[in-house]
Amino acid sequence: MKFDIVTIFPSMIEAGLGEGVVSRGVERGLLNVAVHDLRRWTTDRHRTVDDVPYGGGPGMVMKAEPLMRAVSEIRETRGTPDSVVVLSPQGRTFTQAEAERLGRLEHIVLLCGRYEGMDERVRDMVATEEISIGDYVLSGGEMAALVVVDAVSRLVPGVVGDERSVAEDSFARGLLDHPHYTRPVEFAGRKVPDVLLSGHHADVRRWRKRTALERTLERRPDLIEHAALDEEDRELLDEIMKERKP
Ligand code: JD8
């Protein structure tokens, strides 16, 4: 899986991807991530990437030419990408399903804007999609690009050390995660639930399913209707509902 990220703050991306799962994926040859400084495609003495908005108003707009030249050169040197993504608050909201879709692609270009955003002609001419990571205002696309690269990378086989973690990831099943505990068995007067110490694997499995369902019902009831529930989940859900009603 190949990513090209275009930004005026390359060190921000490098810092974000330099540790953890993505950097391990790069070391293992499973991921190829190239970060490009947009100013490389400027032609003036001041390496200008922004300009005043037509029609007036506050703030600056990212100029189209450097972004277009960046995408052209990336096409020529790194191959034609499957997708050119603009990160912006106007994009479609990024979800685990979107991460899975992007994970099936070979090569993705991510364009990070700053200021008030990009000249609309960049979208019209080179972007194939526009993604937002959620309904809050960031100062630029870099953090969003890091989120997308992280979420997509961990779906590439071998990037996450233990494949079971990926399969069990909460959103892979569409539910929130169950609680986790590690040593010591008692901390600040709080004990680890007995079932986790019992050695009864079937009981542990059922407890985890149950607590995952309880938490989802409590905190994110909206997730339940799209979750991949099996027969046992439905039984547990029934139990939980009955206990809550009376
Ligand atoms: C790209 C510039 C800032 C946005 C004026 C402050 C994504 N989920 C998300 N929230 N915010 C962004 C995002 C924000 C960006 C840029 C992405 C480029 N800004 C602008 C419009 C209003 N400011 C994002 N993905």
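For the numbers below, each heavy atom of this structure counts, side chains included, while hydrogens, waters and symmetry mates do not. Whatever order the structure lists ligands and atoms in, that order sets their numbers, starting from 1. This one's a predicted model, so the numbers in the text were calculated from it and none came from an experiment.
Other residues, nucleotides and ligands place more than 12 heavy atoms under 6.0 Å from the CZ atom of R28. Atom CZ of R244 sits in a crowded spot, with more than 12 heavy atoms from other residues, nucleotides or ligands closer than 6.0 Å. A 6.0 Å sphere centred on CG of D135 holds no more than 12 heavy atoms belonging to other residues, nucleotides or ligands.
Heavy atoms only, all atoms of each residue included: S88 and S132 are closest at O-CB, 3.1 Å.
No hydrogens or angles considered: a donor-acceptor pair under 3.5 Å links the side chains of T128 and S83. N32 and H107 form no side-chain donor-acceptor contact under 3.5 Å, judged by distance and modelled atom types alone.
Around ligand 1, the residues contributing at least one heavy atom under 4.0 Å from the ligand are L87, S88, P89, G113, R114, Y115, E116, I131, S132, I133, G134, Y136, V137, L138, S139, G140, G141, A144.
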